[in-house]
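To start, the structure itself, in structure tokens.
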Protein chains: 2
Amino acid sequence: MYEKYVNILKDHSIKITSQRLEILKYLDEHHTHPNVEEIYSELKKKHPSLSRTTVYNSLEILKKNRIVQSLTISGSELRYDIEEGLHHHFLCKKCGAILDISIACPNMDRTLDGGHRVEEVQGYFKGICKNCQTKEKGRRING
Amino acid sequence: MYEKYVNILKDHSIKITSQRLEILKYLDEHHTHPNVEEIYSELKKKHPSLSRTTVYNSLEILKKNRIVQSLTISGSELRYDIEEGLHHHFLCKKCGAILDISIACPNMDRTLDGGHRVEEVQGYFKGICKNCQTKEKGRRING
DNA sequence: TTCTAATTTGTTATTATTACAATTTAGTAT
DNA sequence: ATACTAAATTGTAATAATAACAAATTAGAA
Ligand SMILES: [Mn+2]
Ligand SMILES: [Mn+2]
Ligand SMILES: [Zn+2]
Ligand SMILES: [Zn+2]
């Protein structure tokens, strides 16, 4: 059940705790780029003793070990994403959804630019998602 | 002196106020991607009656008119940049500097992706800037 | 010059995140 | 299996960025 996540933590010499396993599992099963509050309140349901501080701390150590990445796309809070394959992100300004974007990008895997040492690359697109556009059209017809 | 900025506001039918002119001028003369606090405290020196709320409000209306853009690269606060020519950004994790990056990017001017309507595109690179790397080397030799 | 809607200002409220100290626990050594 | 200890978890308090709000001021039209 949790073996997969236990191994990930072991591989990085991170102490194994139920809280870390749950957070990692949550991110692995929800590719919706949740914020701290979402992760916390979801997991709190099954593990009432969980503390918000632990969510912050756990995400921090997972990030340092490059097991997860944080996205600053929303501008008001960090969003978290399990690290698997580089990809870009799209934020819908209407519904707030953050979607994975798979497009070829020559700069994605760049490790150096103009003498700067590059450790992270993020491509953010913002606008109105396909789904919200459909809703807009519908409203126009009816109103 | 302020003619350039007066015209920009006029072109967008934005009411001309000294506060807006000062903020616009500041961004035009400082391409350092300042945050609200920096803009506020700098301008406050010469215009002691300036309110922080006005800085927030002014930047908001300038942004809506696409005269400036806000960057979420830092993750903790918005950074502002006058809109001229699409370009990417690099954040130094050590000194906090945000630098313009001019690289060819096929996705910069994208307006549609997978059915989503794209209104903003931002490319963020994070790492250690050239300058901070030099300092690191120096410290190694001396200590 | 007068008028009014829009803007500015100062204050208060909200929200995300960090700091901190007491309690608990994972993993090691016995 | 037990005891130990450094590290992790918890709950609370502090900080910082931003938003909400209402009173005072002002840009620009009449
Ligand atoms: Mn993603
Ligand atoms: Mn820039
Ligand atoms: Zn949407
Ligand atoms: Zn630097």
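Owing to the predicted nature of the structure, the values given are computational and were not obtained by experimental measurement. Quick note on labels: first sequence line is chain A, next is B, and so on, each numbered from 1.
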OG of B:Ser70 to CD1 of B:Ile73: how many Å apart, nearest 0.5 Å?
12.0 Å

The ring-ring contact (aromatic ring centres under 6.0 Å, His included) partners of A:His31 (sequence neighbours excluded) come to none

In terms of the nearest nucleotide of DNA chain C, which residue is placed more toward the 5' end: B:Pro48 or A:Thr53?
B:Pro48

On the nucleotide D:dT12, are OP1 or OP2 found under 4.0 Å from the side-chain N or O atoms that A:Arg52 carries?
no

B:Lys44 side chain vs B:Leu50 backbone, donor-acceptor pair below 3.5 Å
yes

How close do B:Ile98 and B:Arg79 get, heavy atom to heavy atom, and via which atoms?
CD1-CG, 3.5 Å

Overall bend - the helix from C:dT1-D:dA30 to C:dT30-D:dA1, comparing terminal axes fitted on five pairs, nearest 10 degrees
30°

Kindly state each residue pair satisfying side-chain hydrogen bond (donor to acceptor under 3.5 Å, both in side chains) with at least one member in residues 19-30 of chain B, sequence neighbours excluded.
B:Tyr2-B:Glu22, B:Lys4-B:Asp28, B:Tyr5-B:Asp28, B:Glu22-B:His47

With sequence neighbours left out, what residues match B:Glu42 under salt bridge (charged side-chain N to carboxylate O under 4.0 Å, His left out)?
B:Lys45

Sequence neighbours left out, what pairs pass salt bridge (Lys or Arg N to Asp or Glu O under 4.0 Å) with at least one residue falling in residues 46-75 of chain B?
B:Glu37-B:Arg52

Other residues, nucleotides and ligands only: do more than 12 of their heavy atoms fall within 6.0 Å of NZ on B:Lys93?
yes

Below 4.0 Å from chain B heavy atoms, what is the first contacting nucleotide of DNA chain C and what is the last?
C:dA6 to C:dT11

Any residue meeting side chain to side chain donor-acceptor pair (under 3.5 Å) with B:Asp100, in chain and number order, not counting sequence neighbours:
B:His33, B:His87, B:His89

Where along residues 23-41 of chain B does a heavy atom come under 4.0 Å from DNA chain C, residue by residue in number order?
none

Mind checking the CD1-CG spacing from B:Ile61 to B:Asn57? Nearest 0.5 Å is all I need.
9.0 Å

Each nucleotide in nucleotides 22-30 of chain D should get exactly one letter: B, S or -. Can you fill that in based on protein heavy atoms under 4.0 Å?
-----SS--

For A:Glu83, give me all partners under salt bridge (charged side-chain N to carboxylate O under 4.0 Å, His left out), at least two apart in sequence or on another chain.
none

Please tell me if the side chains of A:Thr54 and A:Thr17 come closer than 4.5 Å, counting only heavy atoms from C-beta onward.
no

Output the residues of residues 54-78 of chain B in contact with DNA chain D, where contact means a heavy atom of the residue under 4.0 Å from an atom of the strand; sort by number or write none.
B:Tyr56, B:Ser76, B:Glu77, B:Leu78

Heavy-atom side-chain proximity of A:Lys126 to B:Thr72 below 4.5 angstrom
yes

Quick check on the hydrophobic clustering: are A:Leu9 and A:Leu43 connected, directly or via other members, by side-chain heavy-atom contacts under 4.5 Å?
yes

Partners meeting ring-ring contact (aromatic ring centres under 6.0 Å, His included) with A:Tyr124 (sequence neighbours left out):
B:Tyr124

